[in-house]
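Please read the structure below before turning to the comments.
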Amino acid sequence: MAHIVVLGAGLGGSIMAYELRDQIRPEDKITVITKDTMYHFVPSNPWIAVGWRKRDDITFDIAPTMAKKGIDFKTVAAEKVHPAENRVELVDGSSVSYDYLVIATGPELAFDEIPGLGPHGGYTQSVCHVDHALAAKEVFEKLLANPGPVIIGAVQGASCYGPAYEFLFILETALRRAKIRDKVPMTFVTSEPYVGHLGLDGVGDTKGLLESEMRGKHIKWLTSTRVKKVEDGKMTVEEINDDGSIKAEKELPFAFSMMLPAFRGVKAVRDIDGVSNPRGFTIVDQHQQNPKYKNIFAVGVCVAIPPMGPTPVPCGVPKTGFMIESMVTATAHNIGNLLRGREPDQVGTWNAVCLADFGDSGIAFVAQPQIPPRNVNWSSSGKWVHLAKVGFEKYFIRKIKKGTSEPFYEKLAMQAMGIDKLKAVKKG
């Protein structure tokens, strides 16, 4: 019997446990370790922040589903992974030993790296967690009562730009519906070298599409911009030249601001020689396997991926939902191989399929693979994207509640579009 431990139960960790259940042997055991029994659908957080969703619409207790699937579920946060001892130390002083470990913790939000950033004692809001989004909703309601300038964006080192664009346009739509858009100047501030870069050097014509949307909605933007500090109602930013020098320093007033932070690895997996990089992200090879500790795998935002290339202001690479699912499928098959005495041979495609909702329209893109050069590099826009995002929310939450990673009809639909999770394995 082998014991496989999954650290984390978010998007990556939950479906990781479900897919492992289908790949392991009957005698093997799975344990999921997480700090919270409540699953929440992160992509819906921008809707929470403007009151279009409530907490109960996007959260549910995942423990009953884990139990139904025969997966042990421990709701105690991890203190530290000890790879040389094959154990995870928990904050309550206990430990869980493992034969195989899958790190799926997601990131730690590095608000503290910029003075005044973030909802915890700072002056900007966040949509990275449902609690943050609910706090943002309170400030949004104050904005409705007392309109003023708005700043939305992503700071230096951020690696998740899609939600910033989504929230920018969702907020713009909400302000129009409240008939106060004319009283709210909006500015998008980003570390990206150009609008629509997304940490991916663009996908299709995301640059043209997003710039056109901003112009049409009278939204100004600053690119290659570093946030120096945030004070109550004022953000100090530095525009950076291509050579890294400071082009200009500006003070931007705001009544409401939502800025996505940089990410880093969580404390439990940071500063482990051979496991984590300097930012605390987990190092893996093409099989999602750690090169030093072969019984450790990682999936999701916690995985170390180098940036696309040099940019005036640091930009990380996003890990989109379908890309994470690709990592999960490869990992489940590779652990299944190891349990049966075979070597890992599955490689995720790391394709990106994204629906960015703008409240009443949106932009969709497909990148195969996510990291260029690509076989498919497509983007489009329209009202259909908003409707598709709403449908996807309902579908994905239902899928997680049922304990299903990939229903057969989803797999068939993706294959019909030429989108696969795994690369073809060469034989011989």
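Predicted, not measured: the structure shown is a model, and the values here were computed from it.
- The number of heavy atoms from other shown groups lying within 6.0 Å of CD (Glu343) does not exceed 12.
- If you check the side chains of Arg53 and Ser44, you find no donor sitting under 3.5 Å from an acceptor.
- Atom NZ of Lys399 sits in a crowded spot, with more than 12 heavy atoms from other residues, nucleotides or ligands closer than 6.0 Å.
- In this structure the side chain of Pro163 reaches within 4.5 angstrom of the side chain of Leu260, judged on heavy atoms.
- With a 6.0 Å radius and a threshold of 12 heavy atoms from other residues, nucleotides or ligands, Lys228 has its NZ atom at or below the threshold.
- Checked by atom type and distance alone, the side chain of Asp22 never pairs as donor or acceptor with a backbone atom of Glu19 at under 3.5 Å.
- Put simply, the side chain of Tyr39 does not reach to within 4.5 Å of the side chain of Thr59, judged on heavy atoms.
- Closest non-hydrogen pair, Tyr293 versus Asp273, comes out as CE1-O, 3.9 Å.
- The CD1 atom of Ile24 lies 11.0 Å from the NZ atom of Lys29; values are rounded to the nearest 0.5 Å.
- In this structure, Thr187 and Ile219 have side chains that are not in contact, with every pair of non-hydrogen atoms separated by 4.5 Å or more.
- Using modelled atom types, one side-chain atom of Ser276 and one backbone atom of Asp271 make a donor-acceptor pair closer than 3.5 Å.
- Scored by the side-chain contact (heavy atoms from CB on, under 4.5 Å) test, Asp201 finds Tyr194, His197 as partners (sequence neighbours excluded).
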- Task: Applying side-chain contact (heavy atoms from CB on, under 4.5 Å), run through Leu422 and His333 and close with a yes or a no.
- Result: CA-CA 10 Å; Leu422 298 177; His333 282 81; 4.1 Å; yes
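- The two atoms that bring Leu338 and Lys294 nearest to each other are CD1-O, 4.5 Å, heavy atoms only.
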Only pairs under 3.5 Å count here: list side-chain donor-acceptor contacts from residues 298-325, not counting sequence neighbours, and write none if there are none.
from, atom 1, to, atom 2, distance (Å)
Thr311, OG1, Val313, O, 2.6
Lys319, NZ, Val301, O, 3.3
Lys319, NZ, Val303, O, 3.0
Thr320, OG1, Gln370, OE1, 3.0
Glu325, OE1, Lys421, NZ, 3.3

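- Side-chain atoms of Phe297 and Val284, non-hydrogen and from C-beta on, never get closer than 4.5 Å to each other.
- Taking OG1 of Thr37 as the reference point, atom CD1 of Ile62 lies at 8.0 Å (rounded to 0.5 Å).
- Under a 3.5 Å cut-off, the side chain of Tyr18 and the backbone N or O of Ile400 do form a donor-acceptor pair.
- There is a side-chain donor-acceptor pair under 3.5 Å between Trp47 and Asp357.
- Considering only residues two or more places apart in sequence or on other chains, Lys247 meets the salt bridge (charged side-chain N to carboxylate O under 4.0 Å, His left out) condition with none of them.
- Contact between Asn377 and Val203 at its shortest, heavy atoms only, is OD1-CA, 3.5 Å.
- With a 4.5 Å cut-off on side-chain heavy atoms, His386 and Val390 count as touching.
- Residues Asn45 and Ile58 are in side-chain contact: their nearest non-hydrogen atoms beyond the backbone lie under 4.5 Å apart.
- For the pair Thr331 (side chain) and Met327 (backbone), a donor-acceptor distance under 3.5 Å is present.
- Atom NZ of Lys423 has 12 or fewer neighbouring heavy atoms from other residues, nucleotides or ligands inside a 6.0 Å radius.
- Lys69 NZ: more than 12 foreign heavy atoms inside a 6.0 Å radius.
- The salt bridge (charged side-chain N to carboxylate O under 4.0 Å, His left out) search around Lys401 returns none, not counting sequence neighbours.
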- Item | side-chain contact (heavy atoms from CB on, under 4.5 Å) evaluation trace for Met258 with Val139 | CA-CA 10 Å; Met258 194 294 295; Val139 184; over 6 Å; no
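- One distance of note links CG of Leu200 with OG1 of Thr206; it measures 8.0 Å at 0.5 Å rounding.
- Looking only at distances, a side-chain donor or acceptor of Asp28 sits under 3.5 Å from a matching main-chain atom of Ala2.
- In this structure, Arg55 contributes its side chain and Val130 its backbone to no donor-acceptor pair below 3.5 Å.
- The two residues Val127 and Pro46 come nearest to each other via the heavy atoms CG1-CA, 4.2 Å.
- In this structure, Ile240 and Ile246 have side chains that are in contact, with non-hydrogen atoms separated by less than 4.5 Å.
- Side-chain atoms of Thr349 come within 3.5 Å of backbone atoms of Asp420 as a donor-acceptor pair (strictly under, hydrogens ignored).
- The two residues Ile48 and Lys137 make their nearest non-hydrogen contact at O-CD, 3.6 Å.
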- Query: Is there a side-chain hydrogen bond (donor to acceptor under 3.5 Å, both in side chains) between Ser379 and Asp205 once you walk through the steps?
  - Reply: CA-CA 6 Å; Ser379 60; Asp205 189 28; over 6 Å; no
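- Here Leu355 contributes atom CG and Ile363 contributes atom CD1; the two are 11.5 Å apart, rounded to the nearest 0.5 Å.
- Environment of NZ in Lys402: sparse, with no more than 12 heavy atoms of neighbouring residues, nucleotides or ligands closer than 6.0 Å.
- Remark: Asp112 pairs with Arg264 by the salt bridge (charged side-chain N to carboxylate O under 4.0 Å, His left out) rule, at least two apart or across chains.
- In this pair, His120 and Phe111 present their aromatic rings perpendicular. The plane angle is above 60°, beyond the 30 to 60° band.
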- Output, in order, the C-alpha distance, side-chain angles, deciding distance and verdict of salt bridge (Lys or Arg N to Asp or Glu O under 4.0 Å) for Lys267 and Glu108. CA-CA 8 Å; Lys267 177 185 173 184; Glu108 182 175 280; over 6 Å; no
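- Other residues, nucleotides and ligands contribute more than 12 heavy atoms inside 6.0 Å of the NZ atom of Lys389.
- For Arg215 and Glu211, the salt-bridge test passes: some basic side-chain N is under 4.0 Å from an acidic carboxylate O.
- Residues Lys394 and Arg398 fail the side-chain proximity criterion, which asks for heavy atoms closer than 4.5 Å.
- The closest donor-acceptor contact from the side chain of Asn295 to the backbone of Asp99 lies under 3.5 Å.
- Summarising the geometry of Ser224 relative to Pro193, their closest heavy-atom pair is OG-CA, 3.4 Å, with the distance given to 0.1 Å.
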- Message: Working note: Val237 + Glu249, criterion side-chain contact (heavy atoms from CB on, under 4.5 Å); need CA distance, chi angles, decisive distance, verdict.
- Response: CA-CA 6 Å; Val237 303; Glu249 181 174 306; over 6 Å; no
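- Listed by first then second residue, pairs satisfying side-chain hydrogen bond (donor to acceptor under 3.5 Å, both in side chains) with a partner in residues 1-11 read His3-Thr31, not counting sequence neighbours.
- Side-chain atoms of Asn241 never come within 3.5 Å of backbone atoms of Gly244 as a donor-acceptor pair (strictly under, hydrogens ignored).
- The aromatic rings of Phe256 and Phe140 stand perpendicular to each other, their planes meeting at an angle above 60°, with 30° marking the opposite boundary.
- Judged purely by atom type and a 3.5 angstrom limit, Asn86 has no side-chain atom pairing as donor or acceptor with the backbone of Ser97.
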- Given the rule in the side-chain contact (heavy atoms from CB on, under 4.5 Å) test, do Glu79 and Leu90 qualify, once you have shown the distances and angles that lead to the verdict? CA-CA 5 Å; Glu79 177 69 27; Leu90 307 182; 5.8 Å; no
